[in-house]
Amino acid sequence: MLTDKPRASPSSSRELTIVQALREALREEMRRDDQVFVLGEDIRIGGSFLFTLGLLDEFGPERVLNTPISEAGFVGLAIGAAIQGLRPIIDFQYGDFIFTAFDQIMQQCAKLRYMSGGQVSIPLVFQLPTGASGRGAQHANSVETVFFGIPGLKIVTPATPFDAKGLFKSALRDNNPVLFCVHKHLYGSRGRQLAASSISRGHVPDDEYLVPLGKGDIKKRGADITLVANGLMLHRSLNVAEALEAEGLSVEVVDPRCLVPFDTELVIDSVVRTSRLVIVEEGNERGGWGSQLAAEIASQAIGYLDAPIMRVAAPNVPVPFSPVLESAVIPDERQIRSAILELMEH
Amino acid sequence: MQELSIRLPQIPDAAPLEPYEADLLREMYRRMVLIRQFELKVNELFLQGIMPGTIHLSLGQEATVVGACLALDADDVITLTHRGHGQALAKGVSADALMAELFGKETGCCRGKGGSLHVGDMSVGALPAIAIVGASSPIAAGMAFAFKRRQTSQVALNFFGEGTANKGDWHEALNLAALWNLPVVYLCENNLYGVSTHITEAMAIDYVSERAAAYGMPGSTIYGNDPIIVYEAVKSAADRARAGDGPALIECLTYRRGGHKRDDPGTYRPQEEVEAWFKTDPIPAFRDRLLRDDRFAASAIEDLQAAVMAAIDASVDYALASEAPAITSALEHLYVD
């Protein structure tokens with residue numbers, strides 16, 4: 001079943017966190033296809049965000065492959081295994097550690113199909129905890145932003161348990177490399193902070209379903225202004241939108257869900273109705289996915305806009321440690337609210 | 001400036017050819033001549049300004065790549081380097097498809113998308129070449145991982161140069177291959193130079209193979225300009241890998257008969273060293289051995305050489321007559337549908 005919206009399910013109203021939904025997706029796919037295996041650091045005990053918790057017991061060490069600290073090595077190994085038809089998932093403790101394997105991803109994984117004239121395909125999923133979470137500059141990268149400009153990769157940034165499960169299953173069945181980037185505050189793993197919002201836990205049906213890659217979702221309908229946000233920023237934006245609704249301002253909140261491919265049509269449709277656009281992302285402003293979206297809306301739908309396109313993003317600095325400084329750099333609800341209100345004055 | 005230490009070749013006694021099938025010996029010689037003549041033709045076309053791109057010739061290293069590839073089974077897989085024409089021909093990529101690729105034609109082995117630095121053909125077990133030093137080593141381990149998982153008895157062979165042995169990806173690959181007992185052969189073409197930098201300026205030990213012990217796999221250094229020696233070493237490593245005994249590292253000492261690439265005269269190499277190594281040219285040496293064997297008549301060898309020359313001329317005609325890729329194909333082959 002292909003669907004993009006949770007359906008009301010009479011049989012169950014269970015609510016899961018993202019990590020529970022992802023683990024369930026992984027377990028189902030490993031049962032369904034014996035070519036699927038997962039590898040990464042400390043995944044025998046669940047990995048950093050407990051994505052693989054309990055999987056070793058069911059699938060054994062051959063399919064739940066605990067690796068040494070050797071990112072370039074095991075990323076390259078997974079690429080080779082995928083070329084030969086296996087379907088690896090690499091679980092990164094922190095997405096930030098992917099950069100020691102940058103060549104393997106940018107120059108090998110993303111290009112081998114193209115430069116061989118289509119001779120190989122690389123079905124490979126990277127499970128990447130992304131974003132800032134109080135750990136200083138080297139554990140706070142918005143990984144998705146760094147890879148956004150590289151052709152040959154797909155990039156998914158789910159923000160709800162329902163989307164996470166359906167998108168993860170689609171990513172695993174896709175025959176291309178997929179970076180699956182989940183904000184560190186969204187997993188809901190034991191001992192980890194979980195974002196406070198109405199969507200950080202959510203209904204996940206028992207039945208099989210897929211959410212297609214490249215199809216965005218309107219998380220809240222609204223008439224006055226379109227706000228596009230992903231990951232943790234979607235949660236913060238929804239909180240702001242819900243508060244503003246009570247104050248009489250109707251904000252439409254669009255979740256692209258995937259950065260590559262990007263559902264630009266959905267944003268255009270929304271902007272045509274609202275005539276205003278604000279784009280919120282956690283990564284640095286320079287070269288962010290929001291700059292590409294702003295350019296596309298400017299070139300394809302500027303006639304519908306009544307105001308300039310507004311962007312909210314981190315300034316162009318690394319993420320500092322001091323909690324005061326981190327929250328100054330990472331867009332928060334206050335900044336998002338100000339941007340919306342400022343745009344409404346045009 | 002510190003004077004370079006010179007590694008002069010030490011040529012072992014040639015093994016008798018009697019134990020080997022005539023077909024194998026003939027094919028060994030044919031492929032070496034094919035590579036030599038192919039590369040000379042490519043050089044000529046490049047100098048004439050007809051061939052686009054950049055070219056890293058494998059002249060002089062024919063015995064290593066041919067000995068290694070003939071020791072593998074047809075469904076075994078190799079990874080290639082930036083100096084990959086010889087490796088491709090040795091594994092069985094067709095000269096027509098290779099030449100067409102160098103010209104960037106639609107009929108090229110990578111449909112003109114790869115060029116000299118990325119030649120290969122999956123249908124003969126040659127993963128299109130990875131031209132970033134070291135990057136292919138973990139990928140070869142990964143292919144071997146899949147073979148082991150599926151219990152296919154296939155082996156992966158990773159070609160790399162001695163300069164690669166100082167790269168992180170290579171070290172990580174050898175560690176994982178040994179740790180997980182993967183059926184992969186790490187085959188070093190040690191031609192003494194990474195572009196202009198001599199091996200003694202790049203590492204503090206004498207041989208790349210010494211590093212094998214650090215990962216828990218066997219390592220050996222052999223003379224790489226005798227295809228029989230290379231064949232035996234690779235066959236034994238591949239058999240061992242197929243039997244489930246894990247990876248091995250084989251370092252083949254050989255020499256570039258030219259610079260790093262077309263516009264590099266290689267003048268940084270001491271004359272004494274160049275002269276000594278040029279005398280070890282693997283092709284005339286192997287031809288002399290064949291001619292001393294009753295099974296090979298001089299006329300048959302000449303016929304074989306003539307057939308190779310004709311095939312290379314035909315590959316040039318094929319490449320020049322082939323269409324350029326459709327402009328629209330620049331946007332194809334990125335994602336699988």
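Lettering of chains follows the sequences in order, A, B, ..., and the numbering in each one begins at 1. As a basis for the values below, the full set of heavy atoms in this structure was taken, side chains included, without hydrogen atoms, waters or symmetry mates.
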Donor-acceptor contacts, no H, no angles, side chain residues 78-90 of chain A, under 3.5 Å, sequence neighbours left out:
unit_1	atom_1	unit_2	atom_2	d
A:R87	NE	A:L172	O	3.1
A:R87	NH1	A:N175	OD1	3.0
A:R87	NH2	A:L172	O	3.1
A:R87	NH2	A:R173	O	3.3
A:R87	NH2	A:D174	O	2.8
A:R87	NH2	A:N175	OD1	3.1

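- The 12-atom threshold is exceeded at CD of A:E296, counting heavy atoms of other residues, nucleotides or ligands nearer than 6.0 Å.
- Using the six-membered ring where Trp is involved, A:F99 and A:F147 have ring planes that are parallel, under 30° apart on the 30 and 60° scheme.
- Interface check for chain B: of the options A:L65, A:V120, A:T100, A:L112, the most heavy-atom pairs under 4.5 Å are formed by A:L65.
- Using a 4.5 Å cut-off between heavy atoms, B:V119 makes no contact with chain A at all.
- Within the 4.5 angstrom heavy-atom criterion, atoms from both the backbone and the side chain of B:L334 approach chain A.
- In this structure, the portion of B:L127 lying under 4.5 Å from any heavy atom of chain A is its side chain and not its backbone.
- Chain A forms the most heavy-atom pairs under 4.5 Å with one residue out of B:E101, B:R111, B:R149, and that residue is B:R149.
- Only the backbone of A:A110 comes within less than 4.5 Å of a heavy atom in chain B; its side chain stays farther off.
- Between A:R31 and A:E58, at least one side-chain nitrogen of the basic residue sits less than 4.0 Å from a carboxylate oxygen of the acidic one, meeting the salt-bridge criterion.
- Contact of A:Q119 with chain B is made through backbone and side chain together, with heavy-atom distances under 4.5 Å.
- A tilted orientation is assigned to the rings of A:F92 and A:F74, their planes being inclined by 30° to 60°.
- Only the side chain of B:W180 comes within contact range of chain A, with at least one heavy atom under 4.5 Å from a heavy atom of that chain.
- B:F145 and A:F37 have their aromatic ring centers within a separation under 6.0 angstrom.
- Classified by interplanar angle (parallel below 30°, tilted 30° to 60°, perpendicular above 60°), the ring pair A:F168/A:F51 is perpendicular.
- Interface check for chain B: of the options A:S121, A:S70, A:A101, the most heavy-atom pairs under 4.5 Å are formed by A:S70.
- Side-chain contact check for B:T81 and B:Q87: at least one donor-acceptor pair (N or O, by modelled atom type) lies under 3.5 Å.
- When heavy atoms are compared at a cutoff of 4.5 Å, A:Q35 approaches chain B solely by way of its side chain, counted from C-beta outward.
- A donor atom on one side chain and an acceptor atom on the other are not found under 3.5 Å apart for B:S137 and B:D169.
- Judged purely by distance below 3.5 Å, without hydrogens or angles, the side chains of B:H118 and A:S116 never pair a donor atom with an acceptor atom.
- Residue B:A126 does not touch chain A at all, counting heavy-atom pairs closer than 4.5 Å.
- Ranked by heavy-atom pairs under 4.5 Å with chain B, the first of A:P68, A:G73, A:P177 is A:G73.
- If you measure heavy-atom distances from A:E62 to chain B, the contacts under 4.5 Å come from both the backbone and the side chain.
- No donor-acceptor distance shorter than 3.5 angstrom exists from the side chain of A:N141 to the backbone of A:V143, with no hydrogens or angles considered.
- B:L117 does not touch chain A: none of its heavy atoms, backbone or side chain, sits under 4.5 Å away.
- Only the backbone of A:L153 comes within less than 4.5 Å of a heavy atom in chain B; its side chain stays farther off.
- Interface check for chain B: of the options A:L77, A:T67, A:D103, A:V75, the most heavy-atom pairs under 4.5 Å are formed by A:L77.
- The choice from B:E332, B:Q154, B:H171, B:R150 that makes the most heavy-atom pairs within less than 4.5 Å of chain A is B:R150.
- Ranked by heavy-atom pairs shorter than 4.5 Å toward chain A, the options B:D337, B:T152, B:D121 are led by B:D121.
- There is no contact between B:A140 and chain A, counting heavy-atom distances below 4.5 Å.
- Side-chain contact annotation: A:E144 with A:T157, donor-acceptor N/O pair under 3.5 Å absent.
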